[in-house]
Amino acid sequence: MAQEYITVKGAREHNLKNVNLQIPRDRLVVITGVSGSGKSTLAFDTIFAEGQRRYVESLSAYARQFLEQMDKPDVDAIEGLSPAISIEQKSISRNPRSTVATITEIYDYLRLLYARAGTPHCHSCGKELCSQTVQQMVDAVCQRQPGSRLMIMSPVVRSRKGEYRKLLEDLKKKGFARVRLDGDVLDIDAAMDVKLDKKVKHSIDIVVDRVIVKEGIGRRVTDSVETALQYSEGLLLVVDREGGEVLMSESASCHDCGISMPDLEPRLFSFNSPEGACPNCSGLGASLELDEGLIVPNEALSVQEGAIVPWAHKSSAHFWKTLEMVGKHYDIPMCRPWAELSEVHRHILLYGTKEKIPQPSAGKYRRIVQSRFAGVVGYLQNLYAETSVAYIRDYVQRFMRERPCPSCSGQRLNPAVLGVTVAGSNIAQFTSMNIGRALEFARKIYFEDHRQVIAQRILREICERLSFLNDVGLDYLELSRKGSTLSGGESQRIRLATQIGSKLMGVLYILDEPSIGLHQRDNDKLIATLKGLRDNGNTVIVVEHDEDTIRQADFVVDMGPHAGRRGGEVVVAGTPDEVTRCTGSLTGQYLAGTQQISIPPCRRTGDGFLQLRGARGNNLQGVDVRIPLETLTLVTGVSGSGKSTLVIDTLLPALASALRSEGAGSGSPYEQMVIDSQRLKKVIAIDQSPIGRTPRSNPATYAGVFTHIRELFANAPEAKKRGYKPGRFSFNVKGGRCEACQGDGTIKIEMHFLPDLFVTCETCKGRRFNRDTLDVTFKGKSIADVLDMTVNMAHEFFENIPKIQQKLQTVRDVGLGYIKLGQAATTLSGGEAQRVKLSKELSRRTSGDTVYILDEPTTGLHFHDIRQLLGVLNRLVDLGNTVIVIEHNLDMIKCADYIVDLGPEGGNRGGEILFSGTPEALCEVETSHTAHYLRKLLAAVV
C-alpha cells in the first residue's frame, strides 16, 4: 500500500532542532514562517537534498559525473519520498543567446514550423519564391486551355551585359533553331548576325519547343521541359500567344534579384547556427557601442567642471592637459556648459580631428608632440580593443550601450531567413510578440493545402507551451526577451510551466516563493497552476509567505517561533484553519487578525515634487508622472505594466543626471525631468544584485562593521604585545589568514568523473585564520568565532561597543538578525542582499536630501518582517528623504503615502498611468486591478 505521508525524523540541518514532521502526499503544502526560521532548510536542504541524493546514487558512476552531487543532510530518516524536482529562484541563463523562446523550447518548434510549412520570399523585392518539380511544371502546361499555342523556353541569359556570340554559336551546334533575343523571336542565324552592345544588359531565351495544348501531349512537354531546365539552371519560361509569361523554377529563387533560397531546414532558422545567423552580429542581434549620453551624462556641466566623465577624475592629469591644449588650438570655450558648445566643437572633443596638433605625450617623460587627436570616443575604443585587463574593459563598458545590429535590426537572423513567413510573419516577428499575443496568433494559423497536415501537430505543441506560460502569469513576456534579463520569480515560473507541460505524476515538486514579482491578479493564476500540478497526482511543497497561497493550501507547516537559533522548530502543522487558531504562531496571529500591519493614521503630503514628462521606454506610452518628495511612494500595477521601465530604466537615470550623481546615464527616452526642491542632492538605488561575487564577500565586510571588529581585536592586549595591526585579522591578505586555504576555509578537490568536492581545510578546520591570529581573543572569542555569530548574537556580544552596535542594529532593523556575520555573499538571496544594502544606507548619517529607490524589498519577507521593513522605510522618510518602491504587496500598498498605479494590463496593453494619489482614492478606480484587491483588503480590515 502506498504511503500517505512524507515522514521526516530528526532533522538537524543548519538551525533545525531535531524536527519530526509528517507531510501528507499528493497535497499542496505551504511551509511558512518568519525569515530565517528554517523554511528553506527544511524544504530544500533536507527534503529535496535527500530525494535528489537517493536518485543520483541509483545511477551509474558514468551518469553521476554529469549530475550535481549533494551531501547527505543531517537527518535521521525520511520516509515516503518521491523523485524530487526543485524549482528555485535563480536566473536561468546569463548567456546572451538565451531567450524565453529558446529556454522553453518553443523556438525549436518554431524552427520546425517555418522549415516545413513556411513560404519563402525574396528579401529584396518581397516576391514569393516557389520551387516546382518537373511533373508540376508539365501539369501546369498541360492544364492550359485546349488549343492554346505555347512556347517552352529556357532563359539562359537574364538582364546581363555581354556580346554572347560564343553562346549563340554553341546553341546552334546543339541543334536549337530559334532564340528570343531581347524580346524578339529570331532564327538562330539571324540572331548571330545581330551585334550586341557589351555594355548593355541583354536577355536570351532558347525556344525549346512550340506546342498546342491537346490530349496526349504530356510526353512531348515532359521532354521539352527537361531539356529547357538543363540549360537555364533550373528555370523554365512558358509564353502564350498573347505574350503572357510564366516563369517556373526547380529552386526557390528570385531571378529578378539574383537571389536564391537554400533548402529550408530547421538549422537555417537558428541564430546560433552559421547558416542562419546574421553575419554582422553573429546572431547576437546587438553590439556594444560607446554612447555619448553616458560619456557626457550632464550637459549642464562645462568641460572644466567634468562634463566628460571618463576624463573628469583628478587622476586624469594627462587628459586634462590634452583637453586644455585641444581647446586652445580650436578656440573651444571649456568653461561653457556642454549644451552651449557648437556641434563642431563637441564633435572635435568626442571624435577627434584628422590634422596633427600640439599635444602632451604619454609616458614618463612629458613633452609636447604633434599628433592627431583621437577624441574621447576614439581613445576609449582603442583602449577597449587593445586591453586584455578585465577591470579596464569593465570600466569602458560603463560608457557603452547595446545597440540593435544595423544589418538585421536586432532580429539576429540573415536576410534570406527573414524572408520566410508563416501567416504573413517571419520567425523574428513571431518571437517579438509577447506570450499572450503569440498564443492568439498561433491559434489562428491555418494552411489551405497539404501544409496544414504538417503544421497541425507542431502548432499544437507550440500552443500548449504558450498556454502553460500564459497560465502562470507570464503573458506579458516577449518570446525574444533575453534569459539574462528575467527576474528570479519569472525564471521560476518558466520552469514551473515547463514542468506542467511534462505532465508527470507521482513527483515531489518543491518551489521557493513562486509568488515573487507577481501582482495579486496574476497570483490567482499561479495558485490555480499549483493546484493543477497537485491534481495530476503530485505532491507540491511551496516555501511561501503570500497570504492567499497559505489560505488555499491543503496543509501548512509554520516554522519558528523566531529566526536563527531562536527558530528551527515546527510551531504548528495542519490545515490553514488550524494554523489560524494557533495562538503561539506568528503566522496564525496575522491570519487571525490579532496581529496586523496597521494603516498609518495620516498620509504625508510631502514638500516639493519630482515630475517626469513624456516617458516612452519599452511599453510606456509617453506618460507623465509626478511624485511628492519626503513621502513613501509605491509604484504598483500588474506584471509587465511598465513599473521597472518607469522607475529603474527612466526615472533613476534621469534623476541621477539632473542631480549630477555618479552612474547617471541617458536611460530610456523621456522629454523632461523637473525637480521642485532645493534640498535634493542625490539618488540611491537599492537593488537585489549580489553584495559580492565571491564567497569572501560577506555581510560584515559590506555593512562596514568588520573594519571596527578588526580594529577592536588589534587593540586587544595580546595583539598589541605581538604588534598586530588590523590587517592581521583580514582573511583577504597574507599574514593572519590560513595560507593552506588562503582564507577560504575550504579547499577545492577535483574528483575526475565526480563533481568537484569542497572539503574543510584541515589546517585551520574551516576557521580561515592561522593559529597565531586565533590566539588573540576578545571576551574569550577569536575573530573566527565572531564571524560565525549571527547578527543577533553579535549584537549582544558587542553591547558595550557603540560603533559596532549601531551598524549591527541597522541590520537587525531590516529583519536580518538571523544571518551570520561571515556568511558568504553568494549564499544570500536577492531580497537578503537588498536588505543588507538598505541597512548600510541606514547606518549612514543623512541630512534628508536623498531619493531612495527600491525594487520589491518585501521579497522573501513574512508579515512580521514586512512590519519591521515598513518601520525602516518610514524612518528614512521621517528624516526628510524620499522613498520610491516598486511593490505588489498589499500590506505595503495600504501603508503608502502616495500610489502610482500602472496598467491596465501588461505588455503592449499596459504602459499607462491609471492613477496617482492616496490608497483610499485608488480604491475608487474601477479600471485598476490593484484597486480591486486593495478594496477587498481594506474592507476586511474595517
Side-chain angles (χ1 to χ4, degrees), residues 13-15 45 68-74 390-391 564-565 690-752 754-794 797-798 801 804 807-808 811 818-828 832-833 836:
E13 191 73 16
H14 297 162
N15 68 332
D45 300 335
E68 181 182 356
Q69 297 288 294
M70 306 192 79
D71 293 333
K72 184 175 184 353
D74 189 1
Y391 80 87
R565 63 176 183 172
I691 61 172
R693 300 188 181 277
T694 68
R696 291 177 181 274
S697 300
N698 56 55
T701 55
Y702 188 86
V705 69
F706 196 44
T707 301
H708 300 308
I709 292 173
R710 289 190 291 114
E711 289 173 352
L712 186 66
F713 272 85
N715 286 323
E718 185 65 24
K720 285 187 172 182
K721 179 180 174 182
R722 299 185 182 191
Y724 290 167
K725 301 295 181 187
R728 177 82 190 190
F729 301 93
S730 170
F731 46 74
N732 288 322
V733 294
K734 287 184 177 181
R737 72 182 184 186
C738 169
E739 288 304 320
C741 62
Q742 295 187 328
D744 285 339
T746 58
I747 295 175
K748 176 181 171 182
I749 299 175
E750 295 183 2
M751 296 291 287
H752 189 43
L754 291 174
D756 294 337
L757 189 64
F758 290 89
V759 298
T760 302
C761 173
E762 291 187 0
T763 305
C764 67
K765 309 299 181 188
R767 293 166 68 80
R768 296 182 162 198
F769 297 91
N770 59 35
R771 187 168 47 216
D772 292 336
T773 305
L774 294 174
D775 284 343
V776 179
T777 60
F778 175 78
K779 293 171 64 173
K781 299 290 184 181
S782 69
I783 187 73
D785 295 328
V786 169
L787 285 174
D788 200 44
M789 292 179 179
T790 65
V791 171
N792 287 333
M793 293 166 61
F797 185 73
F798 294 110
I801 315 294
I804 297 176
K807 291 188 177 295
L808 291 176
V811 179
Y818 61 91
I819 63 173
K820 290 185 176 180
L821 291 180
Q823 185 172 337
T826 52
T827 66
L828 296 174
E832 288 171 333
V836 170

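FYI, the numbering just counts along the sequence from 1. Any value given below was found using the heavy atoms of this structure, including those in side chains, with hydrogens, waters and symmetry copies removed.
Note: Thr701 OG1 to Arg710 CZ = 9.5 Å, rounded to the nearest 0.5 Å. To the nearest 0.5 Å, atom CG of residue Leu774 and atom CZ of residue Phe729 are 9.5 Å apart. Atom CZ of residue Phe797 and atom NZ of residue Lys781 lie 7.0 Å apart, to the nearest 0.5 angstrom. Of the inter-residue distances, the one linking Glu739 atom CD with Thr763 atom OG1 reads 10.5 Å to the nearest 0.5 angstrom. Atom CD1 of Ile819 and atom CG of Asn792 lie 10.0 Å apart (nearest 0.5 Å). Rounding to the nearest 0.5 angstrom, the gap separating the CZ atom in Phe706 from the CG atom in Leu712 is 11.5 Å.
For the pair Ile783 and Ile709, the minimum side-chain heavy-atom distance is below 4.5 Å. Considering only heavy atoms from C-beta on, Leu821 comes within 4.5 Å of Val791 through its side chain. Side-chain contact between Tyr818 and Asn15: absent, with no pair of heavy atoms (C-beta onward) separated by less than 4.5 Å. Between Val776 and Phe769 the shortest side-chain heavy-atom distance does not fall below 4.5 Å. Gln823 has its side chain out of reach of Asn698: every pair of non-hydrogen atoms, C-beta onward, lies at least 4.5 Å apart. By the 4.5 Å heavy-atom criterion applied to side chains, Gln742 and Arg737 are counted as neighbours. Here the side chains of Asp775 and Arg722 are in contact, with some heavy-atom distance below 4.5 Å.
No donor-acceptor pair under 3.5 Å is formed between the side chain of Asp74 and the backbone N or O of His14. Looking at Lys807, its side chain never comes within 3.5 Å of a backbone N or O of Ile804 through a donor-acceptor pair.
Nearest heavy-atom pair across Leu787 and Ala700 is CD2-CB, 4.5 Å. Closest of all the heavy-atom pairs between Cys741 and Cys764 is SG-SG, 3.7 Å. Taking each heavy atom of Val811 and Ala703 in turn, the nearest pair found is CG2-CB, 4.5 Å. The two residues Cys738 and Cys761 come nearest to each other via the heavy atoms SG-SG, 3.8 Å.
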Does Glu718 form a salt bridge (charged side-chain N to carboxylate O under 4.0 Å, His left out) with Lys720? I'd like the steps, not just the answer. CA-CA 5 Å; Glu718 185 65 24; Lys720 285 187 172 182; over 6 Å; no

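For Lys779, the NZ atom sits in a packed shell: over 12 heavy atoms of surrounding residues, nucleotides or ligands are nearer than 6.0 Å.
Evaluation of the salt bridge (Lys or Arg N to Asp or Glu O under 4.0 Å) test over residues 784-794, restricted to residues two or more places apart or in two chains, returns Arg767-Asp785, Asp788-Lys820.
Aromatic ring pairs are classed by plane angle as parallel below 30°, tilted from 30° to 60° and perpendicular above 60°; the pair Phe778 and Phe798 is parallel.
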